[in-house]
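In what follows, a single structure is set out as structure tokens and then discussed.
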There are 2 protein chains.
Amino acid sequence: MSSERPLTDDLGFLLSRASGAVARSVSAALGPLGLRVRSYSVLALAVEHDTGVTQRSLAAVVGLDPSQVVALVDELQDRGLVERAADPNDRRNRLVRPTAEGRRVFAEAHRLVTEQDDRHFAQVPPERLEAFRDVLRRVAFPGA
Amino acid sequence: MSSERPLTDDLGFLLSRASGAVARSVSAALGPLGLRVRSYSVLALAVEHDTGVTQRSLAAVVGLDPSQVVALVDELQDRGLVERAADPNDRRNRLVRPTAEGRRVFAEAHRLVTEQDDRHFAQVPPERLEAFRDVLRRVAFPGA
DNA sequence: TATTGTTATACTCTATAACTATA
DNA sequence: TATAGTTATAGAGTATAACAATA
């Protein structure tokens, strides 16, 4: 009986535990900056797309519902880290762009996030990390 | 400017998206059985430890707070999938054990979960999967 | 008609503190 | 005093539906 693999070998279960562990420590590290993993992600994308990103596109990349992005952008905007600009080409869009302060805060946040990532993956040989990331990418973005 | 790696290369971010994708489809697949990822995990551990597991130990493995385990075991017990037995050696403990029905439901659930896992990792060469699992284990259970 | 952003709502998950009974 | 289980509660995350403005 029970000749099957234990729960602790299940990839979904391991993904969930690993993801939770990293997210917890990252959110804790970002606490002093008033950010969490999700708002950090949105800010990161805004900084990447310096000229402005559509909220719909933010939602697609971060994997959230557009309605959740509204709240996160509201929050970042209230703190003066991003701003919503009009899109001359399509007036339905609100282009999200980082402020100067947003770029500063992100730089610091990015440092903290990297620090936590490194801590969690310290036991993993660097040469295996790229393969790991590659598998993760395929599962996270099946289409691409 | 922005010479840094994009968010989509960040391991924590990828973990979160991958974990979310798998958890969503697994919970959906388990729907007809009245289970979700978390109750499935608890049931799986109960089936593995046929003679009974302490709720504290369940909480430690699944990575939940003991108070959350209470609710999950309540739910499984109400559905007749597990039962709580007294521990003769330590009367503080409530040993969680699967019922016959619990084992049956788990067998079916396990099949469905494996099906989803396979689907998500179909694009990954099998020989790379064990290495992937190994990294995941180290991040999920840093001590072990 | 289809799409972007938005509001509202409900449900699940997570985190904490406090209490009880046993050890 | 320490540990297992329990209850209660609040906060964060997730999922859906509906609506206005614009295309």
Side-chain angles (χ1 to χ4, degrees), chain A residues 12-13 15-17 19-28 30-31 34-42 46 52-78 82-97, chain B residues 12-13 15-17 19-28 30-31 34-42 46 52-78 82-97:
Chain A
F13 173 75
L15 270 175
S16 165
R17 290 233 43 181
S19 165
V22 175
R24 247 184 307 276
S25 75
V26 167
S27 272
L30 290 176
L35 294 174
R36 299 174 162 280
V37 264
R38 300 192 313 155
S39 45
Y40 168 79
S41 294
V42 169
V53 211
T54 254
Q55 293 187 184
R56 218 78 189 190
S57 132
L58 282 176
V61 177
V62 183
L64 299 172
D65 190 87
S67 63
Q68 302 171 40
V69 173
V70 172
L72 291 169
V73 172
D74 279 351
E75 187 189 316
L76 292 171
Q77 190 175 34
D78 287 350
V82 302
E83 58 190 8
R84 284 190 246 236
D87 181 350
N89 301 323
D90 185 337
R91 282 165 53 203
R92 288 175 303 183
N93 294 344
R94 323 271 324 259
L95 298 180
V96 178
R97 290 187 314 205
Chain B
F13 173 75
L15 271 175
S16 165
R17 289 233 44 182
S19 167
V22 175
R24 246 184 306 276
S25 74
V26 167
S27 273
L30 290 176
L35 294 173
R36 299 173 162 281
V37 265
R38 300 191 313 156
S39 44
Y40 167 80
S41 293
V42 170
V53 211
T54 254
Q55 295 187 182
R56 219 78 189 189
S57 133
L58 282 177
V61 177
V62 183
L64 298 173
D65 191 88
S67 64
Q68 302 173 40
V69 173
V70 172
L72 291 169
V73 171
D74 280 350
E75 186 188 317
L76 292 171
Q77 190 175 34
D78 288 350
V82 303
E83 58 190 8
R84 284 188 246 236
D87 181 351
N89 301 323
D90 187 337
R91 283 165 51 205
R92 288 174 303 183
N93 293 344
R94 323 273 322 260
L95 298 179
V96 179
R97 290 188 314 206

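Lettering of chains follows the sequences in order, A, B, ..., and the numbering in each one begins at 1. We use all heavy atoms of the structure for the numbers below, so side chains are in, but hydrogens, waters and symmetry mates are not.
At distances below 3.5 Å, at least one donor-acceptor pair connects side-chain atoms of A:Ser25 with backbone N or O atoms of A:Val22. Under a 3.5 Å cut-off, the side chain of A:Ser16 and the backbone N or O of A:Gly12 do not form any donor-acceptor pair.
To the nearest 0.5 Å, the span separating CG on A:Leu76 from CG on A:Leu35 amounts to 6.5 Å. The distance from atom CZ of A:Arg56 to atom CZ of A:Arg92, rounded to the nearest 0.5 Å, is 10.0 Å. The distance from the CG atom of A:Leu15 to the CZ atom of B:Arg17 is 13.0 Å, given to the nearest 0.5 Å. In this structure, OG on B:Ser67 lies 10.5 Å from CD on B:Gln55, to the nearest 0.5 angstrom.
Boundaries of the chain A contact region on DNA chain D are D:dA12 to D:dA23, first to last in 5' to 3' order (nucleotide atom under 4.0 Å from a heavy atom).
Residue B:Arg56 is in base contact, counting any heavy-atom pair closer than 4.0 Å across all strands shown.
If you find the closest nucleotide of DNA chain D to A:Asp87 and to B:Asn93, the one lying nearer the 5' end belongs to B:Asn93.
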What string of B, S and - do you get for nucleotides 12-21 of chain C, 5' to 3', if B is base contact, S is sugar-phosphate-only contact and - is no contact with any protein heavy atom under 4.0 Å? SSBBB-----
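B:Thr54 pairs in a side-chain contact (heavy atoms from CB on, under 4.5 Å) with only one of the listed residues (B:Asn93, B:Asp90, B:Val69), which is B:Asn93.
Under the rule for a salt bridge (charged side-chain N to carboxylate O under 4.0 Å, His left out), the partners of A:Glu83 that lie at least two apart in sequence or sit in another chain are A:Arg97.
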